[in-house]
Amino acid sequence: MSDIFGWDLIYTITVEDLQKKEDVLTLLIHFLMIKAGYKCIGLGDDKSFPGNECAGETLPARWNSTNFYSMRYVLNDDLYILRGVPIDDNIVYNLLRVDTLAVTNVAFNVNHTVQETRGPLETLFKNKASELIEKIRLELLNTGPGKEASTQTTASAGNSTSIQQRQTGTSPSPPYHSPLQVPRPPAAYPEPLWADPERDPLRVGRTDLDPFAAGGGGMIFNPFAGPRGVGPDPGMGIPGGLPRGSVPPGARFDPFGPPVPHPRPRHPPPDDDQI
């Protein structure tokens with residue numbers, strides 16, 4: 001199994017240091033970090049990195065001398081700090097990238113994960129070692145088959161688009177604008193052009209197309225409009241009309257019926273033709 005190639009060597013070097021189950025988990029994480037290209041440069045959580053530290057593939061002396069773990073690693077000239085903190089029957093590992101302060105973590109129930117502190121890899125853990133390795137890679141090291149596949153798919157899709165654009169000589173298309181989209185009319189018109197914006201003939205039908213319009217009819221002639229261009233009376237067709245305040249001002253409200261014709265005057269003016 002290529003995923004655990006080199007485990008026997010690092011386990012043989014460190015087996016005498018293993019004192020508790022948490023040590024086995026920490027050793028496995030260290031092994032996977034070395035496999036991923038990390039190098040250990042010592043203990044502690046010092047965030048300074050002069051760059052002249054001695055990097056190696058083995059754990060430093062006294063790495064498990066306290067009840068928690070804190071080690072420093074370097075990858076591609078970037079400093080990382082690994083911390084393992086036991087909490088009751090669990091242990092939480094955090095991996096901090098110092099320059100970006102990005103943190104990944106993974107947690108385990110120690111008794112449900114580790115079975116022995118001595119023996120082959122298959123007998124050290126209660127579940128399959130491959131499942132445990134995949135969990136560490138995905139959650140703590142941010143790598144693994146699923147992560148790599150998604151990254152490669154995204155990159156290949158972007159590269160194929162760029163290649164197609166270069167071959168056809170096209171450029172990315174501009175944002176699409178719907179032909180049905182009606183721009184919102186300005187809040188007011190210049191005074192010298194139209195003294196009354198509501199009577200501007202250029203606005204005919206504009207408010208009917210704009211759902212956010214402030215109000216006003218879309219027709220030049222409004223048969224229900226009262227004197228001086230006032231909006232329609234919603235109470236038309238109802239004897240006595242509607243009480244004042246029944247319809248909010250400016251609301252689009254169709255009248256209930258046609259206007260009631262005004263009664264003829266009792267004494268009509270004389271007809272000039274009959275005089």
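Positions are given from 1, in the same order as the sequence printed here. Keep in mind it's a predicted model, so treat the numbers as computed, not measured.
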Treat each ILVMFWY residue as a node, draw an edge where side-chain heavy atoms are under 4.5 Å apart, and state whether F125 and I4 are in one component. yes

Main chain of D46, side chain of R72: is a donor-acceptor contact present, judged purely on distance under 3.5 Å? yes

Check: I10 and E57 side chains under 4.5 Å, non-hydrogen atoms: no

Find out whether I133 and W7 are in side-chain contact, i.e. whether some heavy atom of one side chain is under 4.5 Å from a heavy atom of the other. no

K20 side chain reached by V110 side chain, heavy atoms, under 4.5 Å: no

I'd like to know if L96 and I29 are part of one continuous hydrophobic network [Ile/Leu/Val/Met/Phe/Trp/Tyr, side-chain heavy atoms within less than 4.5 Å]. no

Positive for side chain to side chain contact (heavy atoms under 4.5 Å, CB included) with L132, one of N127, L32, T113: T113

Indicate whether the side chain of Y73 and that of H30 have a donor and an acceptor atom separated by less than 3.5 Å. yes

Any sub-3.5 Å donor-acceptor pair from N105's side-chain atoms to V92's backbone N or O? no

Of I91, V85, L82, the one forming a side chain to side chain contact (heavy atoms under 4.5 Å, CB included) with Y69 is I91

Approximate separation, where rounding is to 0.5 Å, of L75 CG and R97 CZ: 8.0 Å

Side chain to side chain contact (heavy atoms under 4.5 Å, CB included) between D23 and D17, intermediate numbers included: CA-CA 8 Å; D23 293 347; D17 296 336; over 6 Å; no

Does some side-chain heavy atom of L121 sit less than 4.5 Å from a side-chain heavy atom of Y11? no

Please check: side-chain N/O of K47 versus main-chain N/O of L79, any donor-acceptor pairing under 3.5 Å? no

Hydrophobic clusters here meaning ILVMFWY residues chained together by side-chain heavy-atom distances under 4.5 Å, can you tell me if W63 and I34 are in one? no

To the nearest 0.5 Å, what is the distance between CG on L141 and OH on Y80? 10.0 Å

In this structure, which one of V98, V74, D99 forms a side chain to side chain contact (heavy atoms under 4.5 Å, CB included) with F49? V74

Heavy-atom closest pair, residues A55 and K39: CB-CB, 3.5 Å

Ignoring hydrogens and angles, tell me if any N or O in the side chain of K35 forms a donor-acceptor pair with the backbone of F5 under 3.5 Å. yes

Nearest-0.5 Å distance that lies between atom CD1 in I136 and atom CD in E131: 12.5 Å

Give a yes or no answer on whether the side chain of R118 reaches the backbone of L18 with a donor-acceptor pair at less than 3.5 Å. yes

Evaluate the side-chain proximity of L140 to T104: yes if any heavy-atom separation is below 4.5 Å, no if none is. yes

